Visitor: 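Dumping the structure here so I can ask a few things about it.
Predicted model only: the values in this text are computed from it and were never measured.
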Amino acid sequence: MIIDLNDSGECADIRSTLVSLLDKRADPGAVRRAIDSTMGFDQKLTGELAELGFTALALPESAGGLELGATECAVVWHELGRRLVPGPVGDTLVAGLVLGDADAEEVLSRLGEGATCALARQEPGSDRLRFVPHGDAVDLVLAVNADEVMLIEDVRARPTAALDPTRQLAEIDLSGGGTHRLGDAELAQRLDSVRLVAQAVEAAGAAVRALELTVAHLSVREQFGRPLGSFQALKHRCADLVVAIRGAYATAERAVVLVSEGNASELQTAATLARLVAADTLFEVAAEAIQLHGGIGITWEHDIQLYLKRAKSTQLLCRTQAELRDRLRVSAGLA
């Protein structure tokens with residue numbers, strides 16, 4: 001592999017079991033069938049992941065969980081990101097990890113029973129949530145704003161157009177009620193930060209897989225009687241991408257550690273940097289991968305174009321890259 005994950009203990013066991021399942025149930029053909037389905041993801045696979053405990057890794061034992069931490073959750077985010085597995089499992093895992101420390105027993109119990117969750121950002125004064133991943137197909141939605149976290153149980157959603165077919169979007173109407181306050185600004189900040197960390201880990205996993213697909217293509221595609229991968233200029237381009245991916249992994253790994261060990265300010269800064277670096281890295285790798293694949297790379301029949309669409313959606317989801325750069329400037333005292 002391009003990146004040595006150096007798993008040990010429970011992480012190694014979790015990854016082994018998860019990879020075995022996803023290799024069988026989330027190969028490229030299965031992902032294509034899932035995104036073409038009515039729900040936009042494989043509900044049966046999502047149910048199996050819940051039954052095996054992957055969505056409950058961080059839930060307290062009282063809610064049917066395993067009380068594990070961000071490091072173990074990152075294994076799941078990474079493997080889902082590598083394969084572009086559509087669905088609400090990543091957000092559900094974030095909710096369980098963050099709410100485990102909050103006064104939210106009823107929500108935790110529902111998550112432990114297999115309920116799915118989507119996370120959304122609520123703009124000030126708005127009675128709608130826009131661009132909610134799989135918001136029309138989940139059981140619960142957590143809306144985050146600067147002051148609080150709101151729980152939406154009576155979800156009234158309609159699908160909206162999405163660039164990334166592996167991350168279908170919905171708009172949710174809040175005007176009819178069915179919401180209640182779940183936590184304060186402190187919980188909102190933590191939920192926002194952990195969601196950014198999850199996106200960073202997913203993006204890092206997707207970036208390394210996109211490069212693996214590209215290296216495999218260059219190894220078999222020939223020009224002038226030689227594999228394309230034997231040309232030094234293309235080797236250097238791939239080597240530059242490896243360096244970028246290692247940077248994305250480093251920032252993401254640090255942010256994962258701070259989910260458990262850092263204070264709120266440290267985590268927010270690390271999460272911001274991790275999402276910023278990983279999303280830009282995925283976009284760089286995916287764009288270069290399409291160039292290295294040639295004309296076939298941009299066709300619907302080839303999977304590499306899905307990685308470019310995932311990259312762009314990650315750069316825009318929850319918070320834009322421009323917003324994250326502004327936040328870093330403020331935290332560094334440069335604005």
Visitor: Do Thr272 and Glu323 have side-chain heavy atoms sitting under 4.5 Å apart?
Guide: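 No; the side chains remain at least 4.5 Å from each other.
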
Visitor: Show me the pairs that pass ring-ring contact (aromatic ring centres under 6.0 Å, His included) and involve residues 143-172, at least two apart or across chains.
Guide: none

Visitor: With a sphere of 6.0 Å drawn around CD of Gln232, does it hold more than 12 non-hydrogen atoms of other residues, nucleotides or ligands?
Guide: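 No, because the 6.0 Å sphere around CD of Gln232 holds 12 heavy atoms or fewer from other groups.
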
Visitor: Provide the full list of salt bridge (charged side-chain N to carboxylate O under 4.0 Å, His left out) pairs with a residue in residues 45-55, sequence neighbours left out, each pair given once.
Guide: Arg25-Glu48

Visitor: Taking transitive links into account, so neighbours of neighbours count too, which hydrophobic residues share a cluster with Leu163 at under 4.5 Å side-chain distance?
Guide: none

Visitor: Suppose we screen for side-chain contact (heavy atoms from CB on, under 4.5 Å). Which residues come up paired with Glu148, at least two apart in sequence or across chains?
Guide: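 Applying side-chain contact (heavy atoms from CB on, under 4.5 Å) to Glu148 gives Asn145, Met150, Arg181.
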
Visitor: Which pairs of donor and acceptor atoms, one on a side chain in residues 192-201, lie under 3.5 Å apart (sequence neighbours left out)?
Guide:
from, atom 1, to, atom 2, distance (Å)
Asp192, OD1, Arg319, NE, 3.1
Asp192, OD2, Arg319, NE, 3.3
Asp192, OD2, Arg327, NH2, 3.3
Ser193, OG, Gln189, O, 3.0
Arg195, NH2, Leu119, O, 3.0
Gln199, OE1, Arg275, NH1, 2.7

Visitor: Would you say the side chains of Arg167 and Thr314 form a donor-acceptor pair under 3.5 Å?
Guide: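 Distance-only check passes for Arg167 and Thr314.
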
Visitor: Could you identify which residues cluster with Leu282, counting Ile, Leu, Val, Met, Phe, Trp and Tyr as linked when any side-chain heavy atoms lie under 4.5 Å apart, either directly or through a chain of such contacts?
Guide: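 Reading the cluster by chain and number, Leu282 sits alone, since nothing else belongs.
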
Visitor: With sequence neighbours excluded, tell me which residues meet side-chain contact (heavy atoms from CB on, under 4.5 Å) with Val257.
Guide: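 If we apply the side-chain contact (heavy atoms from CB on, under 4.5 Å) test to Val257, skipping adjacent residues, the hits are Arg254, Glu261.
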
Visitor: Can you name the salt bridge (charged side-chain N to carboxylate O under 4.0 Å, His left out) partners of Glu106, sequence neighbours left out?
Guide: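 Checked Glu106 against salt bridge (charged side-chain N to carboxylate O under 4.0 Å, His left out); zero matches.
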
Visitor: Will you find, in the side chains of Asn263 and Ser265, an N or O donor that is under 3.5 Å from an N or O acceptor?
Guide: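 Side-chain D/A pair, Asn263 to Ser265: absent.
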
Visitor: The criterion is side-chain contact (heavy atoms from CB on, under 4.5 Å); which residues satisfy it with Thr251, sequence neighbours excluded?
Guide: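 Thr251: side-chain contact (heavy atoms from CB on, under 4.5 Å) contacts with Leu273, Ala274, Val277.
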
Visitor: Residues in ring-ring contact (aromatic ring centres under 6.0 Å, His included) with Phe54, at least two apart?
Guide: none

Visitor: With sequence neighbours left out, what residues match Lys235 under side-chain contact (heavy atoms from CB on, under 4.5 Å)?
Guide: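 With sequence neighbours excluded, Lys235 shows a side-chain contact (heavy atoms from CB on, under 4.5 Å) to no residue whatsoever.
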
Visitor: For residues 62-74, which side-chain donor-acceptor pairs fall under 3.5 Å, sequence neighbours excluded?
Guide:
from, atom 1, to, atom 2, distance (Å)
Glu67, OE2, Glu61, N, 3.0
Glu72, OE1, Gly69, N, 2.9

